[in-house]
Amino acid sequence: MIKFFLMVNKQGQTRLSKYYEHVDINKRTLLETEVIKSCLSRSNEQCSFIEYKDFKLIYRQYAALFIVVGVNDTENEMAIYEFIHNFVEVLDEYFSRVEPIDELPKICSALEPQQACFSPDSSFKGAASTTPIY
Amino acid sequence: MPAPIRLRELIRTIRTARTQAEEREMIQKECAAIRSSFREEDNTYRCRNVAKLLYMHMLGYPAHFGQLECLKLIASQKFTDKRIGYLGAMLLLDERQDVHLLMTNCIKNDLNHSTQFVQGLALCTLGCMGSSEMCRDLAGEVEKLLKTSNSYLRKKAALCAVHVIRKVPELMEMFLPATKNLLNEKNHGVLHTSVVLLTEMCERSPDMLAHFRKLVPQLVRILKNLIMSGYSPEHDVSGISDPFLQVRILRLLRILGRNDDDSSEAMNDILAQVATNTETSKNVGNAILYETVLTIMDIKSESGLRVLAINILGRFLLNNDKNIRYVALTSLLKTVQTDHNAVQRHRSTIVDCLKDLDVSIKRYAPSKRWHIDTIMRVLTTAGSYVRDDAVPNLIQLITNSVEMHAYTVQRLYKAILGDYSQQPLVQVAAWCIGEYGDLLVSGQCEEEEPIQVTEDEVLDILESVLISNMSTSVTRGYALTAIMKLSTRFTCTVNRIKKVVSIYGSSIDVELQQRAVEYNALFKKYDHMRSALLERMPVMEKVTTNGPTEIVQTNGETEPAPLETKPPPSGPQPTSQANDLLDLLGGNDITPVIPTAPTSKPSSAGGELLDLLGDINLTGAPAAAPAPASVPQISQPPFLLDGLSSQPLFNDIAAGIPSITAYSKNGLKIEFTFERSNTNPSVTVITIQASNSTELDMTDFVFQAAVPKTFQLQLLSPSSSIVPAFNTGTITQVIKVLNPQKQQLRMRIKLTYNHKGSAMQDLAEVNNFPPQSWQ
């Protein structure tokens, strides 16, 4: 089950965050800094799965942006890894350049449907149909 | 009031902030503006303001004052308002706030809205943060939507149902009839979410599980279609058709097939097909294969399939991609328990992975027991390929986990009972049995069922290790030492142990012979010291994996604890003295002059390391094993060689050679006392004692000596470098002189020290050696 989904840049600033379980707001920033710290300290040769506290972090780097997904141990790590890439591809397709800055609200809506359970397919199709009005 | 800025502008402005403080300032300003705007009940811009608020919330700033506004937005008729409102509700509200209940009515209305998108929004929100009361109220609506023909709504409803079930498990039955047709859908979105729903139901209730088993053929068919169908642009991810759905179905199959033969049989074909047909060049394919392997392992699959799975994992291990290797290792871990043999084939690759520097791949030890188990497993399977320092590391780990002693020794004993060809395993096992043999025999162990082991059985095993052709010299050394240690732990079999030890006193292997002789002596002459010497090893200091030498040092220093029985030293002596003692004992082939050969055994560094018993022995008894060459680095080897000086050892050997005053000047007096061994008459051991009768201490005292060419001299470390004033104490130092030609002893000494603030130096010759000291 996905616990959270983060997009953080190299300087540690959170660009997007979505939590699927309740986490106190002050704990969130702490969590985010810790997570990004562990991701940044990895070299290129190391694998993309980190064990952090009681869940696993699966991260992928795209230029200066890190996309980190926290899962519990029932998830297939490689599938999540694919999912992250899929997500980025969809964003790229949909917004024609991956610059989520301006499209924040749309992305948030895209992430709404309980991703806690599964992949983006339906959610994105859902989002794609709801957003054109904006 | 001017129109509030758009979200875009806000984001841009915040981005320009250079420091955290600046950002906070901007945010606070904007918050104030938003608050005043809320107070004015401004309908047009509410949505924009809430959007900004949500962004700030995401950055970590408190935004609770926007909750009511979200509700107002939800209640509005405009879709844009609703959307932001629901989004805000999902982010800001949850069960803890009382406000959320006000939403129930809105959601109910929206669930029945004419526009599917609004319905969709409502479903999402309910599925995201619905509390149990809300779920109970609205479950009926959700169930209704689950049956509609609109696939967009069906998939959302299915997910919402998952959340409802999680919150209120009793409602599961309500959704049962709706699930009948779920798998008949063509739409992958619906299929996917239905599979999720089914998975959730099966996980929660065994009845459901039994009920859904009949769906296995259908699932198999769907999976087959996915694999067999050609390229479909809608679902394609790097050449594979909807991998996410495939993974999901595999997972559901796993749950359904667990512990059920029929279902497992039905799945065998498809699993084999997936395993062979999936393309492995891309990560996607590997993800599917990984899931397949997990499934095969979990269900009651036939052995051919299992072998296939292990082979896939083996292939993964060889892959260069770290992610894949990580995944393979974790699954291999799970499978080793069940399928030992198949994994053997890959043991060398596994061991290679251990050498991997990646923290995730290497550090996989959630608990000490797990750690020990795993290393044991590695040792049993990979045996000879294990790194040299794995043995000492494991032993250190074992000593450190005090509570695991009984468990560990039992497991190790069982492991070598059958097969003692794996050297590292046998070494560790022998060491542990030696240390914790009493625990083994007493049969107490909480973790596993205790096995009944008698002392004789244990000795049997150790003896067979000794005799076996497969044991290396190092392993034999371990075994012999272990047997020796058991002499204190076991009560009934001491005679047998004595016998074994004396047999090896004439072994061809020098190492063994040496040890055996020493232990023999321990039995004979120093029996009173035996129990103290052979006490349990204290907990070792944790060191990095940099090598055994460091551990040696710490052990040297932690040793003193059990050894207080030894008389405190007049000065610590370096362990190389032990080597000389060895010759004094005689019976060995080691050359008298500082034997360095036995100390340089780099490959069996573990053996040296573990020969701590030998180190302990150095303290008083003559039974000293070769000391590691790195020891001189010990700054203050305390107590290690206590009692090595004059006392018990030499008293019976040296027969009262008169001592002499070698030097006496300026208040500094140096006395020589002599000892000689009956067994090796060429060696004379001189102990010097330096005393100071002046009223000020002499500091930085250094004593040096030189002898004629026909002699050989060894000077050991002094007890200290300060000679206290008023004869309150002395410095002691040992000199060993080898005099093979039995010539008259002569010595030139040089003394340097600081006294009364000035550096002093003196040379002198010592000629008054008594004849007994060299004849």
Side-chain angles (χ1 to χ4, degrees), chain A residues 13-20 22 25-26 28-30 32 41-51 56 58 73-83 85-86 89 101-105 108-109 111-126 129-131 133-134, chain B residues 7-8 11 15 51 54-55 57-60 62 79-80 83-84 86-87 90-91 94 96 117 120-121 124-125 127-128 152 155-156 159-160 162-163 188-190 192-193 196 200 235 237 242-245 247-248 251 283-284 286-287 290-291 294 321-327 358-361:
Chain A
Q13 296 172 316
T14 312
R15 292 284 176 240
L16 177 72
S17 77
K18 183 87 174 89
Y19 288 84
Y20 293 99
H22 180 77
I25 192 154
N26 10 1
R28 284 188 197 191
T29 23
L30 194 64
E32 281 155 31
S41 59
R42 313 272 289 174
S43 74
N44 280 340
E45 288 90 44
Q46 295 177 308
C47 78
S48 302
F49 314 135
I50 309 175
E51 280 161 39
K56 286 194 203 144
I58 298 160
D73 39 344
T74 54
E75 280 293 344
N76 179 337
E77 296 95 341
M78 314 233 342
I80 298 284
Y81 191 71
E82 261 325 292
F83 161 58
H85 192 66
N86 201 337
E89 275 178 7
I101 310 175
D102 300 336
E103 320 298 350
L104 228 34
C108 268
S109 331
L111 285 172
E112 285 165 29
Q114 310 83 314
Q115 295 233 315
C117 315
F118 76 123
S119 84
D121 292 1
S122 30
S123 61
F124 282 165
K125 292 187 198 128
S129 10
T130 50
T131 49
I133 306 171
Y134 212 67
Chain B
L7 176 58
R8 233 173 267 211
I11 298 179
R15 288 276 177 94
L54 290 178
Y55 179 73
H57 172 83
M58 198 180 78
L59 288 181
F79 180 75
T80 43
R83 199 173 77 172
I84 297 284
Y86 274 122
L87 182 60
M90 272 190 273
L91 291 178
D94 56 40
R96 282 159 249 247
F117 301 118
L121 277 179
C124 282
T125 313
C128 186
Y152 171 79
K155 71 183 179 207
K156 289 204 191 270
L159 283 183
C160 192
V162 172
H163 178 87
H188 279 213
V190 182
H192 196 129
T193 54
V196 173
E200 185 70 25
H235 304 127
V237 176
D242 208 342
F244 303 108
L245 180 57
V247 165
R248 276 281 157 190
R251 201 174 302 169
N283 184 52
V284 208
N286 289 327
Y290 173 45
E291 195 71 32
L294 286 178
D321 187 358
K322 297 277 170 161
N323 296 337
I324 297 178
R325 272 205 265 178
Y326 171 85
V327 147
D358 187 344
V359 161
S360 286
I361 291 185

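Reminder, nothing fancy here: chain letters follow the sequence lines and each chain counts from 1.
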Between CG on residue B:N283 and OG on residue A:S48, distance to nearest 0.5 Å
9.0 Å

Rounded to the nearest 0.5 angstrom, the NZ-CE distance for A:K18 and B:M58 is 11.0 Å

If you count heavy-atom pairs under 4.5 Å with chain B, which of A:T14, A:I58, A:T29, A:N76 comes out on top?
A:N76

Please round to the nearest 0.5 Å and tell me the distance separating atom CZ of A:R15 and atom CG of B:L59.
8.5 Å

How far does CD1 of B:I324 sit from OH of A:Y81, to the nearest 0.5 angstrom?
9.5 Å

Which heavy atom in A:M78 sits nearest to a heavy atom in B:Y290, and how many Å separate them?
CG-CD2, 4.1 Å

Just by distance, with hydrogens left out, do B:N323 and A:E77 show a side-chain donor and acceptor under 3.5 Å apart?
no

Considering all heavy atoms of both residues, which atom of B:A287 and which atom of A:A79 are nearest to each other, and what is their separation?
CB-N, 3.8 Å

Any non-hydrogen side-chain atom of A:F49 less than 4.5 Å from a side-chain atom of B:V327?
yes

